[in-house]
There are 2 protein chains.
Amino acid sequence: MKLSTRTRYGLRAIIELAENGREAPLQIKAIARSQEISVKYLEQLMTILRSAGFVRSIRGSKGGYMLARSPNQIKLSDVFDCLEGHVTTVECVEDTKFCERAEDCVARQVWAQVQKAIKDVLQSITLQDLVDRAKDKKMSNYQI
Amino acid sequence: MKLSTRTRYGLRAIIELAENGREAPLQIKAIARSQEISVKYLEQLMTILRSAGFVRSIRGSKGGYMLARSPNQIKLSDVFDCLEGHVTTVECVEDTKFCERAEDCVARQVWAQVQKAIKDVLQSITLQDLVDRAKDKKMSNYQI
DNA sequence: TGTATAATCTACCAACATAGTAGGAATTGT
DNA sequence: ACAATTCCTACTATGTTGGTAGATTATACA
């Protein structure tokens with residue numbers, strides 16, 4: 001149960017966009033450099049995030065990407081679903097019809113518990129929360 | 001973030017072994033039939049569970065598999081680790097040295113939270129718990 | 001002692017997902 | 001016009017998953 005780089009890089013990228021605010025766009029090149037991700041690969045990830053409506057792009061010179069919505073309206077569970085492709089451990093957890101034993105299956109119960117635990121965490125965090133956390137970290141580093 | 005069949009089938013198999021008790025062995029063929037898993041594939045899974053010390057095998061005629069330990073001493077987190085290969089969302093969560101930004105990384109914090117949530121659930125459940133749950137289900141089906 | 005029944009071991013394989021790379025076209029600011 | 005960007009299409013290497021196949025070894029039982 002490892003996360004794909006798609007999800008890991010994607011999250012880091014959108015966090016950086018959130019930190020950058022919604023005044024000026026941030027270029028793929030800049031994000032790729034600071035996050036040490038291949039420009040070409042990051043392009044794909046941004047396309048995913050864009051079609052899901054989390055970020056918007058500005059083409060051409062001085063273009064780049066910005067959050068499409070306010071960071072406190074973007075929950076990590078949404079971003080995760082879009083990148084990783086839905087938080088589902090097993091299909092039968094979502095859809096009982098998937099397996100005829102589903103109703104009585106204790107294994108299914110376990111995966112349902114796990115899935116809920118993951119979802120609960122991710123639903124409780126917004127991008128704004130992460131921006132705030134990052135700020136706190138920086139402040140404590142400078143020992144203010 | 002989907003579970004592999006290795007983990008799903010493996011868990012179902014070991015649950016069935018737990019339900020079967022530790023008096024008589026259960027054959028791969030029998031488990032494969034009731035769980036609708038390929039015999040040959042299940043062989044592999046049992047090998048994994050055996051080398052991890054969860055089950056022991058009896059070779060030859062009338063042989064089969066049994067739990068190697070008492071079902072209340074086997075936590076799902078252990079079984080999961082053995083089948084899925086450790087509950088780790090990202091390497092840096094376990095080992096800070098993995099990424100130099102790890103200390104300050106808010107993304108890492110998120111994955112650490114998620115990972116802990118998963119672990120907490122799996123550590124809180126033993127095979128005995130599942131045997132009990134299954135019994136309860138059967139009883140309620142018969143409307144006792 | 002022979003035979004059936006099991007686990008065990010070794011090897012192979014097809015299909016799919018992942019994690020990219022490459023090159024060019026379209027768009028926009030200066 | 002030109003440079004800086006995003007956008008689009010296509011390709012690819014590698015690893016993982018989910019198996020299959022066949023021979024070998026161990027054991028119970030008659």
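Excluded from the calculations below are hydrogen atoms, water molecules and symmetry mates; all remaining heavy atoms, backbone and side chain alike, are included. First the proteins, then the strands, lettered A, B, ... as listed; each starts at 1.
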In residues 60-76 of chain A, what donor-acceptor pairs under 3.5 Å come from side-chain atoms, sequence neighbours left out?
residue  : atom : partner  : partner atom : Å
Arg69(A) : NH1  : Gln73(A) : O            : 3.2
Ser70(A) : OG   : Asn72(A) : OD1          : 3.0

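No donor-acceptor distance shorter than 3.5 angstrom exists from the side chain of Arg50(A) to the backbone of Ser57(A), with no hydrogens or angles considered. Listed for the Arg108(B) side chain is a donor-acceptor partner under 3.5 Å among the backbone atoms of Cys92(B).
With sequence neighbours excluded, the residues that form a side-chain contact (heavy atoms from CB on, under 4.5 Å) with Asn20(A) are Leu26(A). For Asp104(A), the side-chain contact (heavy atoms from CB on, under 4.5 Å) test picks out Lys137(B), Asn141(B), with sequence neighbours left out. Remark: Thr89(A) pairs with Gln115(A) by the side chain to side chain donor-acceptor pair (under 3.5 Å) rule, at least two apart or across chains. Scored by the side-chain contact (heavy atoms from CB on, under 4.5 Å) test, Ala112(A) finds Val93(A) as partners (sequence neighbours excluded). Taking Gln123(B) as the reference, nothing meets the side chain to side chain donor-acceptor pair (under 3.5 Å) condition, with sequence neighbours excluded.
For residues 120-131 of chain B, every residue pair satisfying the salt bridge (charged side-chain N to carboxylate O under 4.0 Å, His left out) rule, not counting sequence neighbours, is listed here: Lys116(B)-Asp120(B). Evaluation of the side chain to side chain donor-acceptor pair (under 3.5 Å) test over residues 26-43 of chain B, restricted to residues two or more places apart or in two chains, returns Arg101(A)-Glu36(B), Thr5(B)-Tyr41(B), Arg12(B)-Gln35(B), Glu16(B)-Ser34(B), Glu16(B)-Gln35(B).
Look at Lys2(A) and Glu91(B) and you find a salt bridge, because one of the NZ, NE, NH1 or NH2 atoms lies within 4.0 Å of a carboxylate O, short of that distance.
Side-chain atoms of Gln44(B) and base atoms of dT17(D) include no donor and acceptor less than 3.5 Å apart.
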Please produce a list of atom pairs where a protein N or O lies less than 3.5 Å from an N or O of nucleotides 6-8 of chain D.
residue : atom : partner  : partner atom : Å
dT6(D)  : OP1  : Ile28(A) : N            : 2.9
dT6(D)  : O2   : Arg59(A) : NH2          : 3.4
dC7(D)  : OP1  : Ser57(A) : OG           : 2.4
dC7(D)  : OP2  : Arg50(A) : NE           : 3.2
dC7(D)  : OP2  : Tyr65(A) : OH           : 2.4
dC7(D)  : N4   : Glu43(A) : OE1          : 3.3
dC7(D)  : N4   : Glu43(A) : OE2          : 2.9
dC8(D)  : N4   : Glu43(A) : OE1          : 3.1

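The side chain of Ser38(B) has dG19(D) as its nearest neighbour among dG29(C), dA28(D), dG19(D).
For residues 14-23 of chain A, proximity to DNA chain C is found at no residue, defined as any non-hydrogen atom under 4.0 angstrom from a strand atom. For residues 3-13 of chain B, proximity to DNA chain D is found at Ser4(B), Thr5(B), Arg6(B), Tyr9(B), defined as any non-hydrogen atom under 4.0 angstrom from a strand atom.
If you check the side chains of Glu84(B) and Ser4(B), you find a donor sitting under 3.5 Å from an acceptor.
With a 4.5 Å cut-off on side-chain heavy atoms, Ile125(B) and Gln113(A) count as touching.
Between the CG atom of Leu42(B) and the P atom of dT20(D) there is a distance of 12 Å, given to the nearest Å. Straight-line distance from the NZ atom of Lys2(A) to the P atom of dG15(D): 13 Å, rounded to whole Å. The distance between atom CD1 of Ile48(B) and atom P of dG18(D), rounded to the nearest whole Å, is 11 Å. What separates CE of Met1(B) from P of dT18(C) is a distance of 13 Å, to the nearest Å.
Rotation axes derived from the C1' atoms of the five outermost pairs at either end of the helix from dT1(C)-dA30(D) to dT30(C)-dA1(D) lie 10° apart, to the nearest 10°.
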